[in-house]
There are 2 protein chains.
Amino acid sequence: MSSTARGARARARTEITAAIKEEARRQLAVEGAAKLSLRAVARELGMASSALYRYFPSRDDLLTALIIDAYDSLGAAAEAAHDAAAGAGPVRRWTAVCEGVRGWALARPHEYALIYGSPVPGYTAPRSTVPPASRVALVLIGILRDAHRDHGLAGPPLPADLRPEAVRMAADFAPDLPPAAAVAMVAAWAQLFGLVGFELFGQFNRVVEDRETFFRHAAGQLARTVGLVPPQQDGADRGEADRGRASQATGTGGDGSSSGA
Amino acid sequence: MSSTARGARARARTEITAAIKEEARRQLAVEGAAKLSLRAVARELGMASSALYRYFPSRDDLLTALIIDAYDSLGAAAEAAHDAAAGAGPVRRWTAVCEGVRGWALARPHEYALIYGSPVPGYTAPRSTVPPASRVALVLIGILRDAHRDHGLAGPPLPADLRPEAVRMAADFAPDLPPAAAVAMVAAWAQLFGLVGFELFGQFNRVVEDRETFFRHAAGQLARTVGLVPPQQDGADRGEADRGRASQATGTGGDGSSSGA
DNA sequence: CACAAACGAGAGCGGCGCTCTTGCGCCGCC
DNA sequence: GGCGGCGCAAGAGCGCCGCTCTCGTTTGTG
């Protein structure tokens, strides 16, 4: 009841609010957050710049609204990518989510920069951004939970001095996961956005060319570090690579992630 | 001969240029890059704002100069951290560099944001930023090269479709490394800055509390993913992982980072 | 119907990046 | 040693910005 038809006035307000955000997002995509101008938005919408302050008390508040929307959009993309791979194994689902995040970021670089780039100087994100910001992490945690329930997780040991923190982390947001897995999960979460951010912000420019393939591989490795084991037996892993110097022969055997299946 | 005493005029110019950058860096640390104002810098230096354009043709050029300085400062910090651990094993040297990077970033959050945060809208970094930006990566590559020469590297296999790219990458900037190691290195490089960025930009706010310990552990794990194997020492902290069902094998022995020394 | 709240428009304040023009002082050259 | 020229600082000014205040109008409500 509260959302629809509480009078023409209220509906007009939500419509105008949406139009402002839409136009702002359009300018964001073109010019970037730094050059987003309230006056330009108002101009494009055919209203006085002062009128816009009836809807957003300041430029930063507009930005905050866009940030929340971006988090939600990214979260939805991650969830959609996960659902599209629902039937598959945990590694496949993991990489699907990672690729979903990457795809969203590549399609909306400025919105990605808005939420994972440098935060505005004195600005600290209000609490309202927390839940939408958690959605990607929740999807990843869900994959780990399922995998842990079904097969267990293969994680590295936990150093003694990290154990209390790990226990706290698991209790806080991943009660179904062993502490070591919670730690590995948070690290992988940050590392995922390191990969995406580096690609997006040009750090890979003369370094990585075939970024799609590179990312897929890296995401698969990330799955390993959180304890998800690829369908085929591991075991072959460790002794491999290149003992000694003249290695070069390394690789050859696909690790399974190369097969599309 | 070119650097010193090419006349009083020239020396005054370099001095003023340095003073401008210094003041700009001061304002950067206080307000952030978005609010850095040429007029404010000029005001603080007691000169007319227009005079400042004799030294930097635009605000973006000032920013670019600061970016290059920041890259160099970070690179120097990474090299210093590495040299301080020169005698140690590759894992210790790796984590030392990672912690050096983190320490630098925590001490200069705004300068870090300048180089690894969102790039300015239409702005693409000029070529002159490339060499200083590479210094951290070069240090890490050096560690891998040494480790590969001395003990070999234990990396995961390379999927067939990534092999051409991996060969190209190794040839381009790590000719002494096997292709798989070059790939793992670049991924770890990006992931390192993912960890640092998330901590710095508040993404860990209600997630990770003991960030120092968490980071040290994550950096150690990163060392493993690039094929650096920790000295095998069966310590007390082991066997935790998860105790789920088939908790297979759990990689190799302790990561040794738990010991304080 | 009357009234208060919400609203849109306009003017205006201080600050910004950047440009142009105007004088001045230092440099090298004859 | 005088002098022309160049580098330099300063001021005024343009168009933009975020934001505020005021004022007349619209609109939902008791």
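For clarity, every value in this text was computed on a predicted model and none was experimentally measured. All chains are named by letter (A, B, ...) in the order of the sequence lines, taking the proteins before the strands, and each is independently numbered beginning at 1.
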Whole Å only: how far is the [atom1] atom of [X] from the [atom2] atom of [N]?
| X | N | atom1 | atom2 | result |
| --- | --- | --- | --- | --- |
| A/Glu44 | D/dC17 | CD | C1' | 16 Å |
| B/Asp61 | C/dG17 | CG | P | 13 Å |
| B/Arg43 | D/dA10 | CZ | P | 14 Å |
| B/Arg59 | C/dG15 | CZ | P | 17 Å |
| A/Glu31 | D/dC17 | CD | C1' | 14 Å |
| A/Tyr53 | D/dG18 | OH | P | 6 Å |
| B/Lys35 | C/dG14 | NZ | C1' | 15 Å |
| A/Leu38 | D/dT20 | CG | C1' | 13 Å |

Just by protein heavy atoms under 4.0 Å, how would nucleotides 6-13 of chain C read 5' to 3' in B, S and -?
-BBBB-B-
Once rounded to the nearest 0.5 Å, what's the spacing between atom [atom1] of [X] and atom [atom2] of [Y]?
| X | Y | atom1 | atom2 | value |
| --- | --- | --- | --- | --- |
| A/Gln191 | B/Thr225 | CD | OG1 | 7.0 Å |
| B/Leu36 | B/Glu31 | CG | CD | 9.5 Å |
| B/Phe173 | B/Arg168 | CZ | CZ | 7.5 Å |

How close do B/Leu62 and B/Phe56 get, counting heavy atoms only, and between which atoms?
CA-CD2, 3.8 Å
Using every non-hydrogen atom in the two residues, find where B/Ile68 and B/Pro132 come nearest and quote the distance to one decimal.
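The pair with the smallest heavy-atom distance is CG2-CG, 4.1 Å.
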How are the rings of A/Tyr116 and A/Tyr112 set to each other: parallel, tilted or perpendicular (split at 30° and 60°)?
tilted
What is the nucleic acid contact for A/Leu45, judged by heavy atoms within less than 4.0 Å: base, sugar-phosphate only, or nothing?
nothing
With sugar-phosphate meaning primed atoms plus P, OP1 and OP2, does A/Leu36 contact a base, only sugar-phosphate, or nothing at under 4.0 Å between heavy atoms?
sugar-phosphate
